[in-house]
Protein chains: 2
Amino acid sequence: MLRITKMTDYAVLILANLALHDKKFLTAKEIASETHISLPTSQKILKKLNRNNLVISKQGASGGYALEDDTKNISVAALLKTLNGDLSITQCSSNDHQCQVEDFCNIGDAWQMINQRVQWALNDITLGDLIHPTRIEQFISTNIPVTRNH
Amino acid sequence: MLRITKMTDYAVLILANLALHDKKFLTAKEIASETHISLPTSQKILKKLNRNNLVISKQGASGGYALEDDTKNISVAALLKTLNGDLSITQCSSNDHQCQVEDFCNIGDAWQMINQRVQWALNDITLGDLIHPTRIEQFISTNIPVTRNH
DNA sequence: ATCATATCGTACTAAAATAGTACTATTTAA
DNA sequence: TTAAATAGTACTATTTTAGTACGATATGAT
């Protein structure tokens with residue numbers, strides 16, 4: 001479905017929330033209540049974000065989570081890659097050649113080309129851009145693509 | 001997972017196969033055997049392709065399927081849209097505003113911007129391009145994007 | 001020291017989406 | 001009339017995704 005999972009959507013929401021409270025440590029409970037994502041789910045996501053070094057955590061009383069220093073500058077491509085595991089559109093175009101019909105596939109590496117294009121499209125947008133939509137609007141308006149519509 | 005379904009992958013494979021046998025009618029059985037996709041699945045996909053006017057069908061004895069005239073010129077974006085139903089990356093960025101946390105979402109329409117970029121990336125590649133990879137390689141080499149890597 | 005409050009890791013369960021199959025009806029050329 | 005093909009639909013199995021729970025560990029305050 002060319003679609004990221006709900007979890008990744010939540011994750012970005014949470015990251016954005018952390019970005020708003022610059023540097024300050026927030027507990028999972030606070031984050032859950034602000035983003036309206038259920039507490040257990042918030043916790044789960046925050047742990048993952050921490051493992052992937054997108055947020056820093058402090059254990060114990062008055063602990064919590066805060067944004068890593070350079071997380072704001074991470075590209076959406078890199079973000080989705082760490083959160084969703086892979087940016088490939090199709091499985092058969094992944095690096096590990098597990099495709100069953102590979103030998104008979106006359107599409108060849110066309111999917112890979114498409115993957116690459118998508119990746120390019122996402123490489124230029126940072127998490128910081130997501131939080132400041134106006135900046136993106138400006139950004140996009142200067143990148144009118146070749147049109148070959150249908 | 002920013003990933004299209006197996007079914008769509010199969011569909012493109014089948015379309016490519018039909019494109020190779022230009023205009024000639026092939027039975028579902030033939031297509032299944034050539035693409036190594038199971039017969040029932042091939043049939044299922046071919047029916048869908050037919051309903052979406054990507055292939056034409058002839059019923060009865062000596063019937064079969066063939067590519068619609070202008071299917072080769074359809075963009076990958078349009079292709080994925082008809083096959084996968086939607087090109088949106090996230091659900092909340094779909095047109096129908098069903099997002100539960102919409103009111104609290106400070107990402108705003110950033111996802112929509114990203115969706116747009118991806119859509120642009122896929123608008124310029126046609127099904128025909130997929131079948132002739134060399135043409136794509138050339139195509140891509142002339143479209144070096146702005147790099148802001150991570 | 002102890003306690004209250006956090007995160008951490010892991011395992012488990014439920015729900016939803018996807019994939020695959022089967023069956024009956026209809027069409028068509030020989 | 002018959003054989004061979006598509007058309008529609010409904011059903012089942014599998015896989016992925018989402019959500020929850022629980023015991024362990026860490027930390028600051030009292």
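Bear in mind that the values here come from a model prediction, so they are computed numbers and not experimental data. Letters A, B, ... mirror the listed sequences (proteins, then strands); counts begin at 1.
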*Counting N and O atoms only, with roles assigned by atom type, does the side chain of A:Thr71 sit under 3.5 Å from a partner on the main chain of A:Leu54, one being a donor and the other an acceptor?*
yes
*Over how many whole Å does the gap from B:Leu39 atom CG to C:dC23 atom P extend?*
14 Å
_Nearest whole Å is fine: how far is D:dT9 C1' from B:Lys48 NZ?_
15 Å
*Nearest-Å distance for atom pair CE/C1', residues A:Met7 and C:dA16*: 13 Å
*Rounding to a whole Å, what distance do you find between B:Lys6:NZ and D:dT16:P?*
8 Å
*If you check the A:Lys47 side chain, which of C:dT21, D:dT20, C:dT10 turns out closest?*
C:dT10
*Please state how far atom CD1 in B:Ile14 lies from atom P in C:dG20, giving the value in whole angstrom units.*
11 Å
*Rounded to the Å, how far apart are B:Leu46 CG and C:dA19 C1'?*
16 Å
*The side chain of B:Ala28 lies closest to which of these nucleotides: D:dA7, D:dA18, D:dT6?*
D:dT6
_Quick check: do A:Lys48 and A:Met7 have side-chain heavy atoms less than 4.5 Å from each other?_
no
_Between A:Asp129 and A:Thr126 (side chain of the first, backbone of the second, donor and acceptor by atom type, cut-off under 3.5 Å), is there such a pair?_
yes
Under 3.5 Å, which protein N or O atoms sit close to an N or O of nucleotides 27-30 of chain D? Give each pair with its distance.
{"unit_1": "D:dT27", "atom_1": "O2", "unit_2": "A:Ala61", "atom_2": "N", "d": "3.0"}

*Phosphate oxygens OP1/OP2 of D:dT6: is one of them under 4.0 Å from a side-chain N or O of B:Asn50?*
no
*asked:* Measure NZ/B:Lys29 against P/D:dA3 and give the value in whole Å, please.
replied: 14 Å
Give me the distances for all protein-to-nucleotides 12-15 of chain C N/O pairs that come in under 3.5 Å?
none

*If you measure only the distance, is there a donor-acceptor pair under 3.5 Å linking the side chains of B:Asn84 and B:Thr8?*
yes
